[in-house]
Amino acid sequence: MDWKDFMAETEANIGVFSKEVPETVRGFGIMGKAAKMDGALSEKTKEFMALGIAIATRCDSCIGFHVRSLVRLGATRGELCEALAMATYMGGGPSYAYSAKALKAFDVFSEQSGET
């Protein structure tokens, strides 16, 4: 999978759909902003949680969005691998395969941002 092309296509598709349901998109954006605010848990911790859910539900685009956020938030490869180990433990074989996809996405997006 080419993560950069996949995410560009996903974002284009979401853009088209968003024009059809602007109020839903507005509400989803408000909910997301509120959910990600630093509080008792940091935004980074919450993004790790979201990534685990994305892996469990086998959502490629969700993996892409949350991995990109984790790169932006300064997550290390080591932190990501520990989170992926937990996601694999909780989800078994399918989560093992999706954790490997998430690690590949992290490597691609980290290279793109200049992080290693």
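In this chain, numbering begins with 1 at the start of the sequence shown.
- Note on Leu73 and Phe106: separate hydrophobic clusters, where clusters join Ile, Leu, Val, Met, Phe, Trp and Tyr whose side-chain heavy atoms are under 4.5 Å apart, directly or indirectly.
- Summarising the geometry of Phe109 relative to Met7, their closest heavy-atom pair is CZ-CG, 3.8 Å, with the distance given to 0.1 Å.
- Ser42 places no side-chain N or O within donor-acceptor distance of the main-chain N or O of Asp38, the cut-off being under 3.5 Å.
- Of all heavy-atom pairs spanning Asp5 and Asp2, the tightest one is N-OD1, 3.0 Å.
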Extract all donor-acceptor atom pairs below 3.5 Å that involve side chains of residues 12-21 and protein atoms in other chains or at least two apart in sequence.
residue: Asn13; atom: ND2; partner: Glu9; partner atom: O; Å: 3.4
residue: Ser18; atom: OG; partner: Ile14; partner atom: O; Å: 2.6

Under 3.5 Å, which donor-acceptor pairs link side chains of residues 58-67 to any protein atom two or more places apart or in another chain?
residue: Asp60; atom: OD1; partner: Lys101; partner atom: NZ; Å: 2.9
residue: Asp60; atom: OD2; partner: Lys101; partner atom: NZ; Å: 3.1
residue: His66; atom: ND1; partner: Glu47; partner atom: OE1; Å: 2.5

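- Taking Lys36 as the reference, nothing meets the side-chain hydrogen bond (donor to acceptor under 3.5 Å, both in side chains) condition, with sequence neighbours excluded.
- Listed by chain and residue number, nothing satisfies the side-chain hydrogen bond (donor to acceptor under 3.5 Å, both in side chains) test with Lys46 (two or more places apart in sequence, or in another chain).
- Heavy atoms from other residues, nucleotides or ligands lying under 6.0 Å from CE of Met1 number more than 12.
- Taking CD of Glu79 as the start and OG1 of Thr45 as the end, the distance is 8.5 Å to the nearest 0.5 Å.
- Residue pairs meeting the side-chain hydrogen bond (donor to acceptor under 3.5 Å, both in side chains) criterion with at least one partner in residues 80-98, sequence neighbours excluded, are Thr88-Ser99.
- Clustering ILVMFWY residues whenever any of their side-chain heavy atoms sit less than 4.5 angstrom apart, transitively, puts Leu103 in the very cluster that holds Phe48.
- Closest approach of Ala102 to Leu51, counting heavy atoms only: CB-CD1, 4.2 Å.
- Atoms CE and NZ, from Met49 and Lys44 in turn, are 15.0 Å apart once rounded to the nearest 0.5 Å.
- Summarising the geometry, atom CG belonging to Leu84 is positioned 4.5 Å from atom CD1 belonging to Ile55; distances are rounded to the nearest 0.5 Å.
- A salt bridge links Arg68 with Glu11: the distance from a Lys NZ or Arg NE/NH1/NH2 to an Asp or Glu carboxylate oxygen falls below 4.0 Å.
- Residue pairs that meet the disulfide (SG to SG under 2.5 Å) test with at least one member in residues 4-36, sequence neighbours left out, do not exist here.
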